Amino acid sequence: MKIIVAIKQVPERDATLAIAPDGKWIEESDLSYSINEPDAYALEEALQLKEKNGGEVIALCADPERVAATLSEALAKGADRAIHILTDSDALAQSDTLSVARLLADAVSAESPDLILTGLQSDDLGMGQTGVVLAELLGIPHATIIIQVETGPTGLCVKRELEDGWFQHVDMPVPALLAIQSGGNKLRYATLMGIKKAKSKPTITIPAAPPVSPPAIELTRAYLPEKLKRTRMLTGTPAEIAAQLVEKLQSEVHVL
Amino acid sequence: MSGVLVVVEHRSGALARTSLESLAAGQSLAKQLSTDCSAVILGEGVAPLASDLSGKQLAKVYAAEHPLLQQYTADGYTTSLQQLVAKLAPAYVLFLHTYQVRDFAPALATRFGQVLISDVTAIQEGPTFVRQLFQGKLNADYRPAAQPTQAPCFVSIQAGAFRADSLEPAATPAPIEAITIDLAPNQIRTTPSPLFRESARTVDLTIAPVIVSVGRGIREQDNIPLVQALADAFGAELAASQPICDAGWVPMERLVGSSGHTVSPKLYLAVGISGAIQHLVGMKDSKTVIAINKDENAPIFEVADYGVAADLFEIVPALTNAILEAKGNTVES
C-alpha cells in the first residue's frame with residue numbers, strides 16, 4: 001500500500017507570539033517550529049499501516065525551507081521518502097486552504113497513492129479542512145476524525161469518532177483520504193539508526209506553482225483577544241495560594 | 001445571490017440543539033444585511049422537523065428529502081447541498097461547526113471555488129467573521145475576497161458563539177418548500193454503518209456542581225491521582241481535556257469540550273489546561289472558573305475568575321490539604 005502523509009510545520013505550542021507589523025500575521029523570526037501535532041498522529045498511523053501491510057510511506061508538505069528539519073524527522077521515524085513543495089513564507093500566509101490543497105493535489109496526482117492521511121487540523125490556522133478539500137480536488141472519497149483503519153480486500157473499514165461518545169464504522173474504496181484523530185496511537189521517537197538511515201533517503205523539492213486563482217477568503221487582521229473576564233491572579237507560596245483559594249471558595253463561590 | 005441560508009443538523013429524529021444556535025447566527029447576520037434568513041433540512045422523513053423549523057422567524061424552510069439521505073454521508077450531503085445552493089443562490093451559507101459539518105462543508109465550498117470560513121466565534125459589521133488562531137492565542141478577522149453577491153460565502157459557527165434562546169419565533173409560520181434532489185446510489189462512495197457507543201455511561205458531568213478538570217500539564221498518567229485527590233476533597237467530579245481522554249488516562253465520558261460535554265457548574269477548576277478553544281467552548285459558561293497553569297499567557301486565563309500561574313505539582317497538593325482542613329474545621333465547629 002502506497003501512503004502519502006501530508007504534514008505541516010507550525011510554531012512550537014508554547015511559543016510566545018507577537019503580531020507582525022502589517023497586523024495580518026505573526027512575527028515569524030525567532031520562532032521555533034515543529035511538526036503540527038495532529039499530523040504527527042497521521043504519520044504514526046501511516047507507519048503502523050506500513051508495518052502491518054507493507055508498502056511505502058511518503059511525507060508530503062508545502063512549506064518554506066525551514067520544513068526540511070521536520071521532513072528529516074519524518075524520514076528518521078520511518079517514512080521512505082519525502083516531497084517538499086517549496087513555498088515562500090509570505091505567500092503561504094496570504095494564501096488560503098484551496099490554494100494549498102491545489103499544490104498538494106498536483107504532487108499527489110503524480111504519485112497515485114492508495115491512501116492519503118492528514119491530521120485533523122493545524123495548530124496555527126486551525127481551519128481543519130485541507131484534507132477534505134484535497135480529497136474533493138482529487139475526486140476521491142474521504143472520512144474525517146478517524147481513530148482506526150482496517151484494510152480489506154476491497155478497500156478500507158474505518159472507525160469515525162462522533163460527538164458525545166458515539167462512533168461509526170464506514171466502509172470505503174481506495175484510493176481514499178483519511179483525516180486522523182489525534183491521540184489514538186502513541187507517537188514514536190526516531191531511533192539513532194533511523195536518523196542515520198534518513199540521510200540516505202530521497203527528498204524531492206518542487207517549487208510551488210503560482211496560484212491558479214486569487215484566495216477566496218482573506219485574513220484582514222490578526223490580534224490578541226480581548227479578555228472576556230477580569231482574572232484575579234493569586235500569588236504567593238503554594239500554601240498561601242491554597243489559603244487564598246479556600247477563602248474565595250468559602251466566601252464568594254460558596255462550594256465549601 | 002442574496003439572503004442567508006442556514007443548513008440545519010438533526011439526529012435521531014430531532015433537531016440538534018446546536019442547530020438552533022446556527023439559526024440564531026443566521027437571523028443575526030440577515031438582520032445586519034437587511035436580508036432574509038431561510039433554513040434547509042436534509043434527510044428522509046424530515047417533514048416533522050421542517051414544521052418545527054417553520055415556527056422560527058424564517059423567510060422559508062426548505063425540506064430536501066431523498067432515500068439516500070436517510071443516513072449521513074459526505075457525498076450525499078455535498079452533492080445535495082451543491083444542487084440546493086446552485087438553485088437558491090444564497091449570498092451566505094451558514095452551518096454550525098460540528099463534526100458532521102467539518103466532514104462535508106469544506107468539500108461543498110470547494111465545489112463553488114470557495115473556502116469555508118470555519119469555527120467562527122463572532123460576526124461583526126461588514127460582515128467580518130472572527131475566528132481564532134494558534135489554539136485561541138490570537139483572534140483573526142476574515143472576509144470573503146469576492147462579493148457574496150457573486151459567489152456564496154460559506155461560514156461555520158462555533159458551538160456556544162450564538163445563543164439558541166435568542167432565536168426569534170415566527171409571527172406567522174414560515175412556508176415550507178419541498179426540494180427535489182437528484183441523487184444516485186453510485187454517487188455515494190462510502191458505506192456507513194449505524195452509530196454505536198462503546199460502553200454505558202456512569203457519570204453525568206452536566207449536573208455536577210463542582211468539576212475538577214485536568215489537562216496536558218499533568219504530564220503522565222501516573223500523576224492523575226493527584227488531581228483525583230483534589231476532586232475527592234471537594235466531592236467533585238473529575239473531568240479532562242481532549243489530549244487526556246484521547247490518551248485514555250481519563251475515560252472519554254468525562255471529556256469536556258467541543259467533542260465531549262458542555263458544562264456550566266458552580267465551580268470549574270482547570271488544572272494544567274492551557275485552554276484550547278475546543279476545550280473553552282465546553283466550560284466557558286461555568287459560574288466560577290479557577291485555573292492553575294504554569295504558563296501565565298495560557299488562554300484558559302482569559303475565561304478564569306481566579307488564576308494561579310504556578311507549578312500545579314506544588315499547588316494541587318497544597319490546595320487538597322487546605323480544602324480537607326477547611327472541611328474538617330467546618331465539621332468540628
Side-chain angles (χ1 to χ4, degrees), chain A residues 14 16-17 96-98 123-129 132-133 135-137 141-145 161-163 165-173 182-184 213-225 227-229 231-234 238-239 241-243 245-246 248 250 253 255-256, chain B residues 74-75 98-99 102-103 106-107 110 113-119 132-135 137-145 189-193 195-198 209-210 243 246-247 252-253 259 266-267 288 290 295 297 301-310 314-315 318-319 322-323 326-327:
Chain A
D14 55 3
T16 305
L17 303 175
D96 64 6
T97 312
L98 187 53
D123 283 349
D124 53 0
L125 286 170
M127 297 288 276
Q129 35 182 312
V132 176
V133 173
E136 176 63 30
L137 292 175
H142 72 268
T144 58
I145 319 181
E161 185 189 322
L162 305 170
E163 283 117 336
W166 290 94
F167 298 90
Q168 181 180 38
H169 286 112
V170 178
D171 290 295
M172 59 205 298
S182 297
S213 63
I217 59 173
E218 275 175 55
L219 194 172
T220 55
R221 187 168 76 103
Y223 50 100
L224 290 167
K227 266 192 167 311
L228 300 175
K229 277 188 180 179
T231 307
R232 278 185 268 174
M233 298 303 283
L234 307 179
I241 290 172
L245 282 173
V246 165
K248 309 284 180 213
Q250 288 174 324
V253 191
V255 291
L256 281 183
Chain B
D75 285 340
T98 60
Y99 276 16
R102 287 160 66 165
D103 194 56
T110 303
Q114 297 299 309
V115 172
L116 174 73
I117 304 179
S118 56
D119 215 6
Q132 294 176 304
L133 306 179
F134 298 96
Q135 311 226 311
K137 283 188 193 168
L138 299 184
N139 272 4
D141 291 347
Y142 277 80
R143 64 168 183 231
R189 297 166 291 183
T190 58
T191 314
S193 301
L195 310 190
F196 65 94
R197 267 181 165 152
E198 304 261 88
V210 180
D246 283 344
M252 207 46 111
E253 62 177 347
S259 43
K266 220 167 151 184
L267 173 65
T288 301
I290 297 176
D295 175 10
N297 295 316
F301 290 125
E302 301 294 326
V303 300
D305 298 274
Y306 299 102
V308 180
E314 289 182 0
I315 302 296
L319 182 57
I323 288 165
K327 282 198 160 176

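Just so it is clear: chains get the letters A, B, ... in the order the sequence lines come, proteins before strands, and each one is counted from 1. Values in this document were obtained by computation on a predicted structure and should not be read as measured data.
For chain A, the nearby part of A74(B) is the side chain; its heavy atoms alone come within less than 4.5 Å. With a 4.5 Å cut-off on non-hydrogen atoms, I145(A) touches chain B through its side chain but not through its backbone. Of the atoms belonging to E136(A), it is side-chain heavy atoms, and not backbone ones, that fall under 4.5 Å from chain B. Of the two parts of P215(A), only the backbone, made up of N, CA, C and O, holds a non-hydrogen atom closer than 4.5 Å to a non-hydrogen atom of chain B. Contact annotation for I241(A): only side-chain heavy atoms (C-beta onward) come within less than 4.5 Å of a heavy atom of chain B. Neither the backbone nor the side chain of P243(B) comes within contact range of chain A; no heavy atom of the residue lies under 4.5 Å from a heavy atom of that chain. Interface residue D103(B): backbone and side-chain heavy atoms are both found under 4.5 Å from chain A.
The NZ atom of K137(B) lies 7.0 Å from the OG1 atom of T16(A); values are rounded to the nearest 0.5 Å. The distance from the CG atom of L116(B) to the CG atom of D96(A) is 11.5 Å, given to the nearest 0.5 Å. We find the CG-CD1 distance between L234(A) and I290(B) to be 8.0 Å, quoted to the nearest 0.5 Å. Rounding to the nearest 0.5 Å gives a distance of 12.5 Å between CG of D119(B) and CG of L125(A).
For P225(A) against E302(B), the heavy-atom pair with the smallest separation is O-OE1, 4.3 Å. Closest heavy-atom contact between M233(A) and V308(B): CE-N, 4.4 Å. Heavy-atom minimum distance, P141(A) versus T190(B): CB-CG2, 4.1 Å. A216(A) and G113(B) get closest at one heavy-atom pair: CB-O, 3.8 Å. Taking both residues in full, the closest heavy atoms of S118(B) and G126(A) are given as OG-O, 4.3 Å, listed atom of the first, atom of the second, then distance. Listed here is the closest heavy atom pair of V115(B) and Q129(A): CG1-OE1, 4.1 Å.
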When you look at Y99(B) and T144(A), which way does the side chain to side chain contact (heavy atoms under 4.5 Å, CB included) test go after all the steps?
CA-CA 8 Å; Y99(B) 276 16; T144(A) 58; over 6 Å; no
I would like to know whether K327(B) and L256(A) meet side chain to side chain contact (heavy atoms under 4.5 Å, CB included); could you show each step before the answer?
CA-CA 7 Å; K327(B) 282 198 160 176; L256(A) 281 183; 3.9 Å; yes
Working for side chain to side chain contact (heavy atoms under 4.5 Å, CB included), residues L319(B) and V246(A):
CA-CA 8 Å; L319(B) 182 57; V246(A) 165; 4.2 Å; yes
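The closest donor-acceptor contact from the side chain of Q168(A) to the backbone of L195(B) lies at 3.5 Å or more, if one exists at all. Listed for the T231(A) side chain is a donor-acceptor partner under 3.5 Å among the backbone atoms of F301(B).
Using a 4.5 Å heavy-atom cutoff, the side chains of L224(A) and L138(B) are in contact. Annotation: side chain of L133(B) is in contact with side chain of L219(A) (closest heavy-atom distance under 4.5 Å).
The greatest number of non-hydrogen atom pairs below 4.5 Å with chain B, out of T97(A), L137(A), L17(A), is found for L17(A). In terms of heavy-atom pairs under 4.5 angstrom with chain B, the leader among D124(A), V132(A), V170(A) is D124(A). The residue among A243(A), G184(A), P238(A) with the most heavy atom pairs within less than 4.5 Å of chain B is P238(A). Ranking H142(A), E161(A), M172(A), R221(A) against chain B, the residue ahead of the rest is R221(A), based on heavy-atom pairs under 4.5 Å.
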